[in-house]
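From a predicted model like this one, the values you see are computed outputs, not experimental measurements.
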Amino acid sequence: MQPDTVRYYATGRRKTASARVWLIPGEGKITINGRDVHEYLRRPTLERMVTQPLRLLGLEGQFDIKATVRGGGLSGQAGAIRHGVARALLQVNPEYRPMLKQHGLLTRDAREKERKKYGRHGARRGFQYVKR
């Protein structure tokens with residue numbers, strides 16, 4: 001790859017996963033943490049999740065995706081990459097915004113695990129109570 005090649009960068013996040021995503025004009029090759037998408041995600045549903053923004057705009061096969069992702073599980077990581085791809089597409093063309101926004105691809109899914117509280121079994125579950 002030449003240094004003058006156009007690259008679009010964005011960060012995507014979901015739960016505790018954080019992804020750095022580069023879109024490079026190409027033939028649709030997807031690399032995650034230096035490995036092929038099939039090898040890394042292992043599930044077709046997660047692969048479709050990553051390419052959803054491109055499919056929505058009819059840009060499949062026009063961009064190579066290179067992503068580095070850390071934290072969370074595979075599903076959270078796939079969601080983080082999808083978020084990053086959608087945000088990078090806005091740099092390609094800002095007119096994509098209404099379509100991506102309509103399908104909720106620009107919204108950061110902020111749901112995270114709630115912390116366990118003291119005096120309880122879990123975040124909300126209390127200890128069992130017996131009147132006697």
Taking the side chain as everything from C-beta on, heavy atoms only, tell me whether [X] gets closer than 4.5 Å to [Y].
X	Y	value
Val85	Leu105	no
Leu106	Leu90	yes
Leu59	Val92	no
Thr68	Trp22	yes

What pair of heavy atoms forms the shortest contact from [X] to [Y], and how long is it?
X	Y	answer
Met49	Ala78	SD-CB, 3.6 Å
Arg111	Lys15	O-CG, 3.1 Å
Leu100	Ala86	CD1-O, 3.5 Å
Tyr40	Val69	OH-CG1, 3.9 Å
Ile24	Arg7	CG1-CG, 3.8 Å
Gly122	Lys116	O-CG, 3.7 Å

Spatial distance of atom [atom1] ([X]) from atom [atom2] ([Y]) [nearest 0.5 Å]:
X	Y	atom1	atom2	answer
Glu39	Thr31	CD	OG1	10.5 Å
Gln52	Glu60	CD	CD	11.0 Å
Glu47	His38	CD	NE2	5.0 Å
Ile32	Gln77	CD1	CD	8.0 Å
Arg87	Arg13	CZ	CZ	7.0 Å
Arg125	Arg120	CZ	CZ	10.0 Å

Neighbour count >12 (heavy atoms, 6.0 Å) for atom [atom1], [X]:
X	atom1	value
Glu114	CD	yes
Lys101	NZ	no
Arg70	CZ	no

Can you check whether [Y]'s main-chain N or O pairs, donor with acceptor, with [X]'s side chain at less than 3.5 Å?
X	Y	value
Arg82	Pro53	no
Arg55	Arg48	yes
Gln91	Tyr9	yes

When you check the gap from the basic side-chain N to the acidic O, do Asp64 and Lys29 get nearer than 4.0 Å?
no
